[in-house]
Engineer: 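One structure follows; several queries about it will come next.
Just so it is clear, the model here is predicted, and its values are computed rather than measured. Throughout, a chain's letter reflects where its sequence line sits, starting with A, and its residues are numbered from 1.
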Amino acid sequence: MNPEPTPDAPGPLPGDHAPPLWPHTLLAPGLAGAAVLSALAAPPLVGVGLALFAGAICIGSALTLARRVRRGERELHELDVRLLHSQKLAAIGELSSGIAHEINNPLAIITQEIDLARELFGQDACPAPEDLADIKDCLDQVGKQVARCCQITHKLLNFARKMEPVLQEEALEQVIEDMAVLVEREAAGRGVAIRRDYDQSLPPVRTDVPLLRQVILNLLTNAMHATPEGGTITLATCRQNGRAVIEVRDTGCGIPPENLPKVFDPFFTTKEPGKGTGLGLSLSHGIVARLGGNLTAQSAVGKGSVFTVSLPL
Amino acid sequence: MGLRVLAVDDEADFIETLVKRFTYRQIPVTAAGNGPDALALLERESFDVVILDMRMPGMDGLAVLQEIKKRHPLVEVIILTGHASVESGMQGMSLGAYDYVLKPVDFGELLEKAKKAYERKKLNESRADA
Amino acid sequence: MADPIRVLIVDDEERFRETLAKLLGRHGFVVREAGSGPAALELLGQAPCDVIVLDVKMPGMTGADALPLLRAACPEAEVLVLTGHASVDIASTMIAGGAADYLLKPCPTEELEGAIRAVYDRRQATRPR
């Protein structure tokens, strides 16, 4: 099940086995130069011959070099493809071990609940009346765990779904506000305030609006869960280097430095089992990349985190 | 041909007002009182945008959304909800809803969203044809 | 009849722990449960046990981190690694670190019970009283 660390070891680098360069850098120019010099001193007919010889050397050398450059480029490209492929394999390996773990845990619970229910049913398939409630509880739990598995597989299908973005013009503020009002009531219930700091001069963006809403809702929800009572979530927009930038800042617990590089990895979660699939941020990251932007995270433990979406204008 | 709306809500009063207001703007609108009726209507007629209530007895909005997206992926769905639930909002958006809007909703705003959703459907269709 | 086998289940998955405890309890084991490595260490401080059933992937202290501490806290206990993570190298590292055996989740209760008894019997055989 475990992927090889380098599933597709790249072959030797181009250049390792390449023929020497000195015939082109020393021999050919030297010969050509000598031919031209002797052509100056020689009688005209011999001179023409020598000049032709010099030209032939130069052309031959240039052709050989051109061929080598082209072969080098092709090898480099193949290497790129192979590297990409091996990265993909590594990513698939990581993903499948993540899926295995996420699905195996609910399966383990289901297995046990079935074992217990069977046992409670007894030899003659006639459970004692006082055990009936326990059996029902087992069945309920099986249902719950199946739902948990479904949630994981559905989210994975979202990954697989090849959603080509549909670009529409929309005011960024509107897209954010739609999702903010949705979260606001629950946030207020947790004693978390949502503050706005929108750049009013920002022109509308051309983007896939529902996809962007999904990202914003996800970032907002994460921020709300990370922020303790009395904290604040700030939604800000601004223009930076010709791009539209959205920031979701929270005054929450922050992300420890060792976890920060992992937050966009599929299945990475610090929530209790069954509480989060660990797919939200990696899905969001994928969506933003598809929209031609990027999603980054900064955080300080105890102070809070900032998630930044930057989109082309 | 312009925007055709299907409005799905079990609250008769609410849907009546909605139908009136769309009709007043000369936008063809059909009402359905529950999920199964809405799905049956979608099989028979074509619609561009479905305005869908989240909480309905029997088949809830998320289940209806899922069915619509399965059978008519190009139809855009705007979810209306009286009850802000972040969890169902996340589910709705990831199931492919165009937007998730809290009730009470300003009609002008809803109309604007419906138009945007329609524009999106047209963009999607023109790409499917190409 | 021999003394009952004292088992400590360390797993962050609450329902898994509870039902396993219930099942093992019905089958004559004396069971305690902990939701994390630190909680397990605390329980071991109160009373020793014979077999520790240890999950690998837990938030905070992982099973691999907890293993040496648990073994130090209760040297007479055998550790049975139970993981949903299909990663053989983590499991084999843990075996090298002193775990007695490992099983992959999901596994039938019967198999798990058999494994608990097997590591317990092995300990009884190798360590005369």
Side-chain angles (χ1 to χ4, degrees), chain A residues 147 150-151 154-159 161-171 174-190 192 194 204 206-225 233 275-277 279-280 283-284 286-287, chain B residues 48-50 52 54 62-63 65-70 73-106 108-130:
Chain A
C150 286
Q151 216 189 341
H154 285 170
K155 288 219 171 146
L156 281 172
L157 288 178
N158 265 343
F159 263 115
R161 201 163 63 183
K162 222 177 146 187
M163 291 170 291
E164 278 292 312
V166 177
L167 303 182
Q168 279 179 285
E169 216 161 77
E170 183 76 86
Q174 180 70 45
V175 182
I176 301 172
E177 224 18 60
D178 280 349
M179 296 298 107
V181 290
L182 186 59
V183 177
E184 198 146 40
R185 216 176 298 176
E186 195 168 324
R190 291 163 174 261
V192 174
I194 298 186
R206 272 182 69 75
T207 194
D208 189 303
V209 181
L211 285 183
L212 184 57
R213 280 198 190 105
Q214 221 176 305
V215 171
I216 290 167
L217 184 57
N218 184 256
L219 295 179
L220 261 169
T221 313
N222 281 347
M224 182 174 75
H225 287 142
I233 299 172
K275 290 284 156 57
T277 53
L279 287 175
L283 257 175
S284 297
I287 289 175
Chain B
D48 302 302
V49 175
V50 179
L52 181 64
M54 184 86 299
L62 281 180
L65 168 67
Q66 212 164 357
E67 276 309 301
I68 293 176
K69 282 288 163 186
K70 215 188 289 170
L74 288 184
V75 170
E76 294 293 345
V77 179
I78 296 173
I79 293 179
L80 274 189
T81 178
H83 172 84
S85 154
V86 175
E87 184 53 37
S88 83
M90 298 252 278
Q91 280 179 355
M93 291 311 294
S94 72
L95 286 171
Y98 178 75
D99 202 352
Y100 195 98
V101 182
L102 279 187
K103 278 185 194 174
V105 59
D106 174 63
E109 204 178 297
L110 182 63
L111 184 64
E112 210 39 56
K113 288 188 191 302
K115 282 183 179 162
K116 280 277 183 190
Y118 175 60
E119 179 188 296
R120 179 182 168 87
K121 181 172 179 259
K122 287 286 142 194
L123 283 169
N124 247 328
E125 279 169 353
S126 65
R127 200 165 54 193
D129 293 342

Engineer: So, Q174(A) and D178(A): side-chain donor and acceptor under 3.5 Å apart, yes or no?
Structural biologist: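 Yes, side-chain donor-acceptor contact under 3.5 Å.
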Engineer: Once salt bridge (Lys or Arg N to Asp or Glu O under 4.0 Å) is applied, what residue pairs with a partner in residues 94-104 of chain B remain, sequence neighbours excluded?
Structural biologist: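 Sorted pair list: R213(A)-D99(B), D9(B)-K103(B), E11(B)-K103(B), D53(B)-K103(B), D99(B)-K113(B).
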Engineer: Please name all residues satisfying salt bridge (Lys or Arg N to Asp or Glu O under 4.0 Å) with E67(B), sequence neighbours left out, ordered by chain then number.
Structural biologist: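 Salt bridge (Lys or Arg N to Asp or Glu O under 4.0 Å) list for E67(B), sorted by chain: K70(B), R71(B).
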Engineer: Non-hydrogen atoms of chain A under 4.5 Å away: do they reach the side chain of Q66(B), the backbone, both or neither?
Structural biologist: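 It is the side chain, since no backbone atom gets that close.
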Engineer: Which bit of L220(A) is near chain B, if near means a heavy-atom gap under 4.5 Å: side chain, backbone, both or neither?
Structural biologist: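 Neither the backbone nor the side chain of L220(A) comes within 4.5 Å of chain B.
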Engineer: Tell me which of these, V86(B), V101(B), L102(B), has more heavy-atom pairs under 4.5 Å with chain A than the rest.
Structural biologist: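 Ranked by contacts with chain A, first place is V86(B).
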Engineer: Does a salt bridge link K115(B) with E119(B), judged by any charged N lying under 4.0 Å from a carboxylate O?
Structural biologist: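 Answer for the salt bridge query: no.
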